[in-house]
Amino acid sequence: MEITAAITKKKGGEFVLEKVELDEPRSNEVLVKVVATGMCHTDMAVRDQQMPTPLPVVLGHEGAGIVEAVGEDVTKVKPGDRVVMSFGSCGHCPNCQKGFPAYCYYILPLNFGGSRLDGSHSLHQNGKALSSNFFSQSSFGTYALATERNVVKVPNDVPLEILGPLGCGIQTGAGAVMNNLNPDAGSSIAIFGTGAVGLSAIMAANVVGCTTIIAVDINQERLEFSKQCGATHTINSKDQDLGKTLAQIMENGVEFAFDTTGNIQVIVSALESLASKGVCGIVGVTPPDKFVQLDPNLLVGKGLTLRGITEGDSIPDIFIPRLIALYQQGKFPFDKLIKVYPFDQINQAVEDSEKGVTVKPVIKIGDQ
Ligand code: CXF
Ligand code: ZN
């Protein structure tokens, strides 16, 4: 079928809205009429070719919409169901079977390969294949082809316009706290970086009952906003001495630290902020030529743990409905992070997100 999609044609280039041809769903696939799609830093990382997905490509990996058609083997959803599209996973490898789809052995080809696993492309333009199936969706388009595994059924009484980011950025932050770090009620956590992932982590830290939630950033406006998301303390590491200020709040360090920046110096600071036996989670994308220099004695002597976390260790079918329920109860107000842009303003959304004006842009594509 003919659809309109935002194509990224060259490295660092703008999105261009053009007509393209989308395949009919195969037996395990789900055709979704896209209502809205969030924009995540990973879309920009691919645009800038820090990730291996070939160009030209149709990006978008935080889609939400309505099921239009399903392949003959699909039983999870039916036409008319409302869904969020999350990351792709194979379902068969040991980690998928153990309940860790974010560590699927095929996570890179399934999400960044630019095609289905068999090498076929779901999108073409003028008879030529486009890089497609990005995160098993390529949802910067009026329709997207997902798979039964990466669609999550969502309730009818929540606006689809806000739900897409639960499929990646928001579950990355909230899940790192709620599924992986799992801080006990009354404990302390420092969160480095107050973008969509960091602010979702702050909200989640509140949900689980952390009583000291320290937001660290260099953007004062974001730090002020982080208080509205549940931060109990803020540190502007540009103007304040991080170590000293942290020690004034928690004399012996925090029990949990969480880095969302991918900045190697910030990762070291996050580790250094920990009390003995502390756990530090990291989720940011670090440029390929950057390496963290660690003092192993610090880890050994204080019994510290450093953990890489992908997609908040989420099982999307379980975790996304939980986040929606928390939102409906007023305990997880992630809609505060979102600003909606019409499809033809997609480049403005990129600009605003890169300037730090908008925390989480969502592109409105169709009606719900
Ligand atoms: C990615 C990072 C690399 C593994 C899959 C998820 N981030 C999404 O935005
Ligand atoms: Zn993402």
Inset, instruction - Applying side chain to side chain contact (heavy atoms under 4.5 Å, CB included), run through Thr232 and Thr211 and close with a yes or a no. - result: CA-CA 8 Å; Thr232 58; Thr211 44; over 6 Å; no
Inset, instruction - First locate atom CD of Gln368, then atom CG of Asn156, and finally report the distance between them rounded to the nearest 0.5 Å. - result: 10.5 Å
Inset, instruction - Determine whether Asn28 and Asp73 make a side-chain contact, defined as any pair of heavy atoms from C-beta on separated by less than 4.5 Å. - result: no
Tell me which donor-acceptor pairs under 3.5 Å the side chains of residues 8-17 have, and how far apart each pair is, sequence neighbours excluded?
unit_1, atom_1, unit_2, atom_2, d
Lys9, NZ, Glu18, OE1, 3.1
Lys9, NZ, Glu18, OE2, 2.9

Legend entry - Asp317 and its side chain to side chain donor-acceptor pair (under 3.5 Å) partner, picked from Arg149, Lys153, Lys76: Lys76
Legend entry - Sub-4.5 Å side-chain heavy-atom contact between Val285 and His41: no
Inset, instruction - Please say whether more than 12 non-hydrogen atoms of neighbouring residues, nucleotides or ligands are located less than 6.0 Å from NZ in Lys331. - result: no
Inset, instruction - Dump the intermediate steps for side chain to side chain contact (heavy atoms under 4.5 Å, CB included) on Gln137 and Val32, then the final yes or no. - result: CA-CA 9 Å; Gln137 54 184 287; Val32 178; over 6 Å; no
Legend entry - Donor-acceptor pair between Ser188 and Glu255 side chains, under 3.5 angstrom: yes
Inset, instruction - Please report the closest heavy-atom contact between Ser237 and Ile218, naming both atoms and the distance. - result: OG-CG2, 3.6 Å
Inset, instruction - Kindly indicate whether the side chain of Pro101, heavy atoms from C-beta on, has any atom under 4.5 Å from the side chain of Pro316. - result: yes
Inset, instruction - Identify the two heavy atoms, one from Pro321 and one from Val152, that lie closest to each other, and give their separation to 0.1 Å. - result: CD-CG1, 4.0 Å
Inset, instruction - Please check if the side chain of Asp48 supplies one atom and the backbone of Gln50 the other of a donor-acceptor pair under 3.5 Å. - result: no
Inset, instruction - Indicate yes or no for a side-chain donor-acceptor contact from Glu21 to the backbone of Gln125 under 3.5 Å, with no hydrogens or angles considered. - result: no
Inset, instruction - Could you grab the distance from atom CG of Leu22 to atom OG1 of Thr142, nearest 0.5 Å is fine? - result: 8.5 Å
Inset, instruction - Show the numbers, then the answer: is there a side chain to side chain contact (heavy atoms under 4.5 Å, CB included) between Ser131 and Leu55? - result: CA-CA 6 Å; Ser131 252; Leu55 304 179; over 6 Å; no
Inset, instruction - Establish whether Ile202 and Ile338 are linked, either directly or via other cluster members, by ILVMFWY side-chain heavy-atom contacts under 4.5 Å. - result: yes
Legend entry - Test side chain to side chain contact (heavy atoms under 4.5 Å, CB included) applied to Val34 and Ile363, step by step: CA-CA 10 Å; Val34 179; Ile363 313 302; over 6 Å; no
Inset, instruction - Decide if atom CZ of Arg322 counts as having more than 12 heavy atoms of other residues, nucleotides or ligands within a radius under 6.0 Å. - result: no
What side-chain donor-acceptor pairs closer than 3.5 Å can you find for residues 90-98, not counting sequence neighbours?
unit_1, atom_1, unit_2, atom_2, d
Asn95, ND2, Tyr103, O, 2.9
Gln97, NE2, His92, O, 2.7

Inset, instruction - Answer yes or no: does atom CD of Gln293 have more than 12 heavy-atom neighbours from other residues, nucleotides or ligands under 6.0 Å? - result: no
Inset, instruction - Return yes if some donor-acceptor pair links the side-chain N/O of Thr261 with the main-chain N/O of Gly193 below 3.5 Å, else return no. - result: no
Inset, instruction - Determine yes or no for a side-chain-to-main-chain donor-acceptor pair under 3.5 angstrom, with Asp259 supplying the side chain and Ala270 the backbone. - result: no
Inset, instruction - Might you point out which heavy atoms bring Pro361 and Tyr341 nearest each other, and give the distance in Å? - result: CB-CE1, 3.8 Å
Inset, instruction - Using a 4.5 Å cut-off on heavy atoms from C-beta on, say whether the side chain of Ser276 contacts that of Asn252. - result: no
Legend entry - Spatial distance of atom OG1 (Thr194) from atom CZ (Phe225) [nearest 0.5 Å]: 9.5 Å
Inset, instruction - Would you kindly confirm whether Met51 and Phe140 end up in one hydrophobic cluster when ILVMFWY residues are joined by side chain heavy atoms under 4.5 Å apart? - result: yes
Legend entry - Distance-minimising heavy-atom pair for Ile213 and Gly230: CD1-O, 3.6 Å
Inset, instruction - Walk me through it: do Phe192 and Phe258 pass the test ring-ring contact (aromatic ring centres under 6.0 Å, His included)? - result: CA-CA 6 Å; Phe192 293 77; Phe258 181 49; 9.5 Å; no
Inset, instruction - Write down the atom of Ala5, the atom of Val20, and the distance for their closest heavy-atom approach. - result: CB-CG2, 3.8 Å
Inset, instruction - Would you check if the side chain of Asn133 reaches a backbone N or O of Ser122 as a donor-acceptor pair within less than 3.5 Å? - result: yes
Inset, instruction - Can you measure from CG (Leu274) to CG (Leu246) and round to the nearest 0.5 angstrom? - result: 10.0 Å
Legend entry - Members sharing Val300's hydrophobic cluster (side chains within less than 4.5 Å): none
Inset, instruction - Mind listing the closest non-hydrogen atom pair of Cys229 and Asn206 along with its distance? - result: O-ND2, 4.0 Å
Inset, instruction - Look at the side chain of Thr37 and the backbone N and O of Ser139, then say whether any donor-acceptor pair between them is shorter than 3.5 Å. - result: yes
Inset, instruction - Answer with yes or no whether the hydrophobic clustering places Val350 together with Leu337; edges join I, L, V, M, F, W, Y residues whose side-chain heavy atoms lie under 4.5 Å apart. - result: no
Inset, instruction - Can you measure from CD1 (Ile324) to CG (Leu163) and round to the nearest 0.5 angstrom? - result: 4.5 Å
Inset, instruction - Please answer whether the main-chain N or O of Gly312 pairs with a side-chain N or O of Asn179 as donor and acceptor at a distance below 3.5 Å. - result: yes
Legend entry - Side-chain donor-acceptor pair present, Gln348, Asp352, cut-off under 3.5 Å: yes
Legend entry - Gly262 backbone acceptor or donor facing Thr286 side chain under 3.5 Å: yes
Determine all donor-acceptor pairs shorter than 3.5 Å in which one atom belongs to a side chain in residues 168-177; sequence neighbours excluded.
unit_1, atom_1, unit_2, atom_2, d
Gln171, OE1, Ser314, OG, 2.7
Gln171, NE2, Ser86, OG, 3.0
Gln171, NE2, Gly167, O, 2.9
Gln171, NE2, Glu311, OE1, 3.1
Thr172, OG1, Cys168, O, 2.8

Inset, instruction - May I ask you to test the Val357-Lys339 pair for a side-chain heavy-atom distance under 4.5 Å? - result: no
Inset, instruction - Indicate yes or no: at least one non-hydrogen side-chain atom of Leu145 is less than 4.5 angstrom from one of Pro25. - result: yes
Inset, instruction - Show your working on side-chain hydrogen bond (donor to acceptor under 3.5 Å, both in side chains) between Asp239 and Gln220 and close with a plain yes or no. - result: CA-CA 10 Å; Asp239 306 334; Gln220 191 56 34; over 6 Å; no
Legend entry - By ring-ring contact (aromatic ring centres under 6.0 Å, His included) - contacts of Phe319 (at least two apart): none
Inset, instruction - Sequence neighbours left out, what pairs pass salt bridge (charged side-chain N to carboxylate O under 4.0 Å, His left out) with at least one residue falling in residues 103-116? - result: Asp23-Arg116, Glu29-Arg116
Inset, instruction - Please confirm whether the backbone N or O of Gly88 pairs with a side-chain atom of Asn111, one donor and one acceptor, at under 3.5 Å? - result: yes
Inset, instruction - To the nearest 0.5 Å, tell me how far Glu161 CD sits from Asp367 CG. - result: 10.0 Å
Inset, instruction - Only one of Ile346, Val362, Leu59 passes side-chain contact (heavy atoms from CB on, under 4.5 Å) with Met39; say which it is. - result: Ile346
Inset, instruction - Spell out, yes or no, whether Val340 and Val158 are grouped together once hydrophobic residues are joined by side-chain heavy atoms under 4.5 Å, including indirect joins. - result: yes
Legend entry - Same apolar cluster: Leu223 and Ile191, side chain cutoff 4.5 Å: no
